[in-house]
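All of these numbers come straight from a predicted model, not from anything done at the bench. Heavy-atom basis, side chains included; hydrogens, waters and symmetry copies ignored.
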There are 2 protein chains.
Amino acid sequence: MNYARPTAAYAHVKLFLKTGLAEGRWAPGSLMPSEAELVEQFSVSRMTVSRAVRELQAEGLVERVQGVGTFAAQPYRASSTLTIRDLHTEISERGHRHRADVQLVQAETVAAGGLAQRLGLPVGSDVFHTLIVHYEDDVALLCEDRYVNPSRAPDYLSVDFTKTTPTNYLLAVAPLWEAQYSIEAGTPTVQEAQLLGIEPADPCLIIVRRTESQGTPITVARLVHPGSRYTIEGSFKP
Amino acid sequence: MNYARPTAAYAHVKLFLKTGLAEGRWAPGSLMPSEAELVEQFSVSRMTVSRAVRELQAEGLVERVQGVGTFAAQPYRASSTLTIRDLHTEISERGHRHRADVQLVQAETVAAGGLAQRLGLPVGSDVFHTLIVHYEDDVALLCEDRYVNPSRAPDYLSVDFTKTTPTNYLLAVAPLWEAQYSIEAGTPTVQEAQLLGIEPADPCLIIVRRTESQGTPITVARLVHPGSRYTIEGSFKP
DNA sequence: CAGTGGTCTAGACCACTCG
DNA sequence: GAGTGGTCTAGACCACTGT
């Protein structure tokens, strides 16, 4: 049976603080009620109050300093949850067909410069390189140029990338990624334009992503999406 | 400093589960140890185990079903923290100078169509409209075309936007945003190209953002950044 | 020193799912 | 009914910051 609003006690406390913050009841940086005060006010145990405030802290709405108190956070940043998904899954969920056109799968010798450093490899060692064009119902959606650290994915070259995307395979081999990315608008290279079937001057969304797993660099990828065909969407809540 | 010592008990449990997931010890979707088992294994109380698993759940690493158990999450999405910041702050932190060129500040009558609906306003009512070009050290970095719901920011038109950015002002008036955004690559309008001092064919990063505060639509903005001058960067951790 | 948050315990009751 | 997670309590000890 559902009562009207039988929310958990910790949720009550959390809601109280959250709406207070939304109404500007505690200015950014100012001191908020202590746990002891909230215990008194809501007649709950300290563990309950603690959980409420800890979750607000995790959401970035308050800052806590041991021995000092809890403070309203500066609301100058709103954190968002940007979901990076496997392209195959994404296309399938739209009810469309995904096809990968594998242009290149090979081992190369890594030359000096940024790439060796970014993959944590000594100059002259092997690196795996793939170049794949992804289609959604025969429309080119992405040109994926990727380098992979062989030590963490030794079987990478033998994967059938018409059936599994590199993202998917690498997630399975090395879960729990950390990644840095940059997103910018630019023009494709001549080769990319040709592969995507667009003009070299057409604007593209270019994502460069570098991922690590447990401190080891895994892969560096340059993802080029035709601007007219691809959009990143998302939302964020405080 | 020292990161050696065995941290909190709940952190031990959390680390155990997290590394196990990273090593593929529990396949995605498979059943993980119950709270009772972890209580036994680590000789801690159930509250402690509960906290560890709950935090993993918040991080999206596990899924829990009451009455059933805890399951390793499908690693098909990695959540990222994309930080939307006030442009003035961002530029200042780079040690540069921010200047806003206010092209337009006026009230308009909202016509039928998407805008009225997206701002939750009846057709024919007033809406505030600003068009501002932002410069970093005299280089045009952003053309900001923004519509604002007057009911939540009645003083919007009297703000001096050469001193305060709209983002900044709206954050103060209506904190705790929720927003939906889309990011794409495209070309600017003729007017935008002129204001930014670029060619109409130059690729731009175009962000369309709609924000709400406590369920009320606040503002809809179209942010056009020259692709050659602006990049979104970020990182995500599992 | 008094006050704050950080953590922990050993129980408890509940709602839920499944066989 | 057995097992699961969801929540809660009334204490407790600790580490830290301020005066």
Test the B:Arg209-B:Tyr181 pair against the cation-pi criterion, namely NZ or CZ under 6.0 angstrom from the six-membered ring centroid and within 45° of the ring axis.
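Pair B:Arg209/B:Tyr181 does not count as cation-pi.
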So [X], base contact, sugar-phosphate only, or nothing? Heavy-atom distance under 4.0 Å.
{"X": "B:Val53", "answer": "nothing"}
{"X": "B:Ser50", "answer": "base"}
{"X": "B:Arg46", "answer": "base"}

Do the charged groups of A:Glu136 and A:Arg97 touch, with an N to O distance under 4.0 Å?
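Judged by the 4.0 Å cut-off on N to carboxylate O distance, A:Glu136 and A:Arg97 do not form a salt bridge.
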Side-chain heavy atoms of B:Pro217 within contact of B:Arg118, under 4.5 Å
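They are not in side-chain contact.
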Whole-Å distance separating the [atom1] atom of [X] from the [atom2] atom of [N]:
{"X": "B:Tyr10", "N": "C:dG5", "atom1": "OH", "atom2": "P", "result": "16 Å"}
{"X": "A:Glu63", "N": "C:dT4", "atom1": "CD", "atom2": "P", "result": "19 Å"}
{"X": "B:Phe71", "N": "C:dC18", "atom1": "CZ", "atom2": "C1'", "result": "11 Å"}

Gap separating the CZ atom of A:Arg222 from the OH atom of A:Tyr147, nearest 0.5 angstrom:
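OH of A:Tyr147 is found 11.0 Å from CZ of A:Arg222.
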B:Arg64 side chain N/O closer than 4.0 Å to the phosphate oxygens (OP1, OP2) of D:dT4?
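Result: no.
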On DNA chain D, does the nearest nucleotide to B:Met32 precede the nearest nucleotide to B:Met47 from the 5' side, or the other way round? Give the residue.
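Mapping each residue to its closest nucleotide by heavy atoms, the 5'-most match is B:Met32.
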Toward the 5' end of DNA chain C, by each residue's nearest nucleotide, A:Pro33 or B:Ala11
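Looking at the nearest nucleotide for each, A:Pro33 comes out on the 5' side.
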